[in-house]
Amino acid sequence: MSNLSISDMARAKPPTPYLDGLNDEQRKAVETMDGPVLVLAGAGTGKTRVLTTRLAHILATGRARPWEILCVTFTNKAAREMKERVGAIIGDAVEGVPWLGTFHSVSAQILRRHAELVGLKSSFTILDTDDQLRLLKQIIRAAEIDEKRWTPRHLAQTIDGWKNRGVLPSELDENDRWSFAEGKGQELYATYQARLRTLNCCDFGDLLLHTLTIFKTQADVLAEYHRKFRYVLVDEYQDTNVAQYLWLRLLAQGSNNICCVGDDDQSIYGWRGAEVDNILRFDKDFPGAEVVRLERNYRSTEHILAAASGLITSNKDRLGKTLWTEDEGGEKVEVRGLWDGEAEARFVAEEIENWVSKSHPYSDTAVLVRASWQMRAFEDRFIMLGLPYKVIGGPRFFERAEVRDAHAYMRLVRSHEDDLAFERIINTPKRGIGDTTVQKIAIAAREMNVCMSDAARTLSQTDEIRGKARTSIKVFLRDMDRWREQARDSRHDELAEIILDESGYTAMWREDKTPQAAGKLENLKELVRSMGEYETLEAYLEHVALVTDLDRAGDEDEVSLMTLHAAKGLEFPLVFLPGWEETVFPSQRSLDEKGTRALEEERRLAYVGITRARERAVLTFTANRMIYGRWHSVIPSRFIDELPADHVEARSDTGIYDSSGPGFENVHTPPSPSASSYSSPGWKRYQANSAAGKGSRPPTINAKANLIQSGNAGDTTGKWKTGDRVFHDKFGYGKVKRVDGSKLTVRFDKAGEKKVVESFLKDLP
DNA sequence: TGGGGGCACCTTTTT
DNA sequence: GGTGCCCCCA
């Protein structure tokens with residue numbers, strides 16, 4: 001391993017202006033070459049800058065030509081950003097970095113060149129989740145498995161998990177085999193793969209898995225890529241799964257020049273198969289690896305950084321970094337307790353208006369939630385106030401039904417063998433071709449060993465299918481033939497318009513009087529427009545298969561509302577982090593499923609959240625939370641306790657938590673679920689379930705009105721009787737002394753005070 | 001075949 | 001609380 005020192009390099013090459021302004025650690029990360037390098041880049045330390053500069057540096061110093069560099073990212077956004085930034089440094093030559101892209105797009109490129117090695121044609125289509133589920137459903141039905149108990153979704157997840165680990169059907173171990181439908185998992189997986197091959201299809205996982213198989217089994221192909229790729233760059237290494245890791249390791253064996261950039265503290269996709277372990281054992285996987293730490297944060301003020309750093313030290317599985325900033329002081333992280341979700345939304349909206357009134361733009365602020373259902377309360381409030389906002393990562397354009405229908409038409413025109421497309425649109429719009437007819441066609445197709453279009457053609461000439469269905473099929477097939485004819489000599493976007501029109505698809509939505517219909521028509525217009533941006537139909541379809549959303553103009557002055565996951569890589573001067581309550585954040589469900597590992601991942605999510613803030617981070621929790629129409633009495637997140645007190649300022653508006661003194665240490669944490677007030681049968685059942693690894697929701701506690709009855713988990717009807725233990729927002733815990741219609745007399749523990757709480761029942765919302 | 005009503009579901013989701 | 005899915009009925 002020869003490691004040139006920085007001065008050696010400076011001597012060897014002329015000064016390089018793009019290196020100006022980098023700090024020492026960043027320079028080291030850019031210039032350390034000739035061996036594996038792991039750049040541990042903390043939040044806000046200039047990760048993307050280092051990666052792009054490194055790529056530019058390799059090109060500028062003539063170490064490799066653009067097509068000799070493999071550079072993989074996870075998102076299209078990151079890939080695009082890199083292209084732009086490298087372009088800005090070294091000029092237009094980037095157009096010629098053909099192997100810069102996402103894991104999946106690079107894999108697709110490779111796979112198209114060698115598809116026949118895994119039994120596919122190079123024109124294979126990339127399936128989306130919807131197609132995948134439909135296919136799996138058919139397979140489960142065919143295997144006569146109870147599809148209620150073993151759902152297609154469940155199978156999709158299981159198979160995805162296997163693919164993420166790079167495991168083929170034949171390679172499953174005993175444990176895996178039994179993880180679905182009493183040992184039938186393996187067979188189903190094999191059937192699914194065989195079906196995909198017949199249909200000449202790939203799902204997302206296959207793009208990587210097939211490429212991996214080729215690398216593993218075809219030494220000459222691998223050698224070709226070893227010769228080709230002299231440098232390998234990887235972004236967000238902490239999010240790689242096992243398949244991606246194996247893929248990278250095989251490719252990097254050639255040059256041994258691999259540079260991975262990542263942050264173990266920001267690994268938040270474990271539930272999708274990402275393995276933090278990959279980054280944790282980098283130096284063992286790649287012997288002689290240099291590890292460069294980027295620890296200077298350019299984003300946040302001292303308090304924000306310290307609060308986040310303090311929190312993340314509770315994690316055991318981490319390499320450890322000490323982030324620092326020159327931006328001393330600033331505002332402490334604010335923690336606020338609110339009565340319920342509505343109060344929380346009111347509070348956040350008010351704070352945003354305050355901020356804006358000090359002549360800041362709305363776009364300075366973001367609300368980051370754990371789960372998307374939390375967004376609604378904020379949307380309601382924002383709409384009521386007329387406060388401009390946008391939801392980031394909402395329903396995806398290319399996943400909308402109407403867009404997918406249109407794609408199916410195009411796919412079927414392109415290839416009449418696309419059975420999935422055929423099934424999707426044969427009766428959309430309604431043509432009187434129902435399930436029975438489709439089933440007949442499917443069975444005939446299987447018997448004759450032809451595609452469904454061909455089977456339908458044959459059947460329509462016999463008496464197998466009669467009446468309306470028969471004429472409809474004939475018309476449909478004739479239309480298809482005509483469109484295929486037209487496809488030869490018309491632009492694909494114009495053809496799309498013709499097809500949507502003539503098939504009656506547009507008309508279907510025009511006649512639809514539901515409020516959504518107008519939006520659907522808009523989307524179809526947008527679809528035709530975006531098709532026009534691609535040279536060919538193939539290029540367009542490849543693009544939509546690998547890209548999940550259209551770019552939206554992001555320059556409007558609006559508050560951003562999104563999940564914590566969607567916030568990775570972004571930053572805002574003012575960040576709100578609502579819903580820091582046990583069961584919500586950390587999410588009870590992920591804890592139930594994966595225990596400690598999940599807890600650490602939730603903590604990393606908290607870390608990601610706080611580190612999005614440049615100037616102010618405001619964290620809120622409530623006492624009562626409405627989840628799926630039920631009230632839950634909730635307690636503050638353990639993550640709040642884990643924040644270093646010196647960097648936090650806590651206030652409470654609820655009266656529940658003792659706010660008599662200043663400072664975080666005076667916030668009274670209510671009893672945890674193990675404490676006496678939560679020792680009801682419901683809680684016990686819940687705890688037993690959790691311990692046994694079974695997911696179950698915490699019991700519902702009646703929290704309507706201003707009075708919470710503690711521990712009546714089973715009974716949520718709001719019946720009160722003498723002796724009930726109660727909890728009041730102002731007076732704390734107490735005992736019911738007398739019940740008189742809607743009037744309660746309660747003695748409160750703390751003050752020993754007797755209060756008459758009137759008419760709370762009739763105030764129920 | 002297609003529409004209506006009952007019912008189970010309900011996290012995060014770069015590709 | 002809202003939605004998508006399945007079954008049953010016309």
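Here the structure is a predicted model, which is why all the values come from computation and not from measurement. Per chain, numbering begins at 1; letters A, B, ... match sequence-line order.
Centre separation under 5.5 Å together with a plane angle under 30° does not hold for the ring of A:F103 and the six-membered base ring of B:dT15, so they are not marked as stacked.
In this structure, A:R112 places its CZ atom where more than 12 heavy-atom neighbours from other residues, nucleotides or ligands lie under 6.0 Å away.
Not one side-chain nitrogen or oxygen of A:T129 sits closer than 4.0 Å to the OP1 or OP2 atom of B:dT13. Listed pair A:T563 / B:dT13 meets the phosphate criterion, a side-chain N or O lying under 4.0 Å from OP1 or OP2. For B:dT15, the OP1/OP2 oxygens have a side-chain nitrogen or oxygen of A:N76 closer than 4.0 Å. Here A:T436 reaches the OP1 or OP2 of B:dT1: one of its side-chain N or O atoms lies under 4.0 Å away. Under 4.0 angstrom from either OP1 or OP2 of B:dT15 there lies no side-chain N or O belonging to A:N241.
Checked by distance alone, A:R370 brings no side-chain donor or acceptor within 3.5 Å of a matching partner on the base of B:dT11.
Between A:L564 and A:T437, the residue whose closest nucleotide on DNA chain B is further toward the 5' end is A:T437. Between A:L591 and A:V438, the residue anchored nearer the 5' end of DNA chain B, judged by the nucleotide with its closest heavy atom, is A:V438.
Partners of A:W150 by side chain to side chain donor-acceptor pair (under 3.5 Å), not counting sequence neighbours: none found. Take A:F378 and apply the ring-ring contact (aromatic ring centres under 6.0 Å, His included) test, not counting sequence neighbours, and it matches no residue. Looking at residues two or more places apart in sequence or on another chain, you find a side chain to side chain contact (heavy atoms under 4.5 Å, CB included) between A:K77 and A:T75, A:R80, A:L570. Under the side chain to side chain contact (heavy atoms under 4.5 Å, CB included) criterion, A:E379 pairs with A:M375, A:Y389, A:V391, A:L561, not counting sequence neighbours. For A:D130, the side chain to side chain donor-acceptor pair (under 3.5 Å) partners are A:R404, A:R424, not counting sequence neighbours.
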Which protein N or O atoms sit under 3.5 Å from an N or O of nucleotides 3-6 of chain C?
unit_1: C:dC6; atom_1: OP1; unit_2: A:K137; atom_2: NZ; d: 3.0

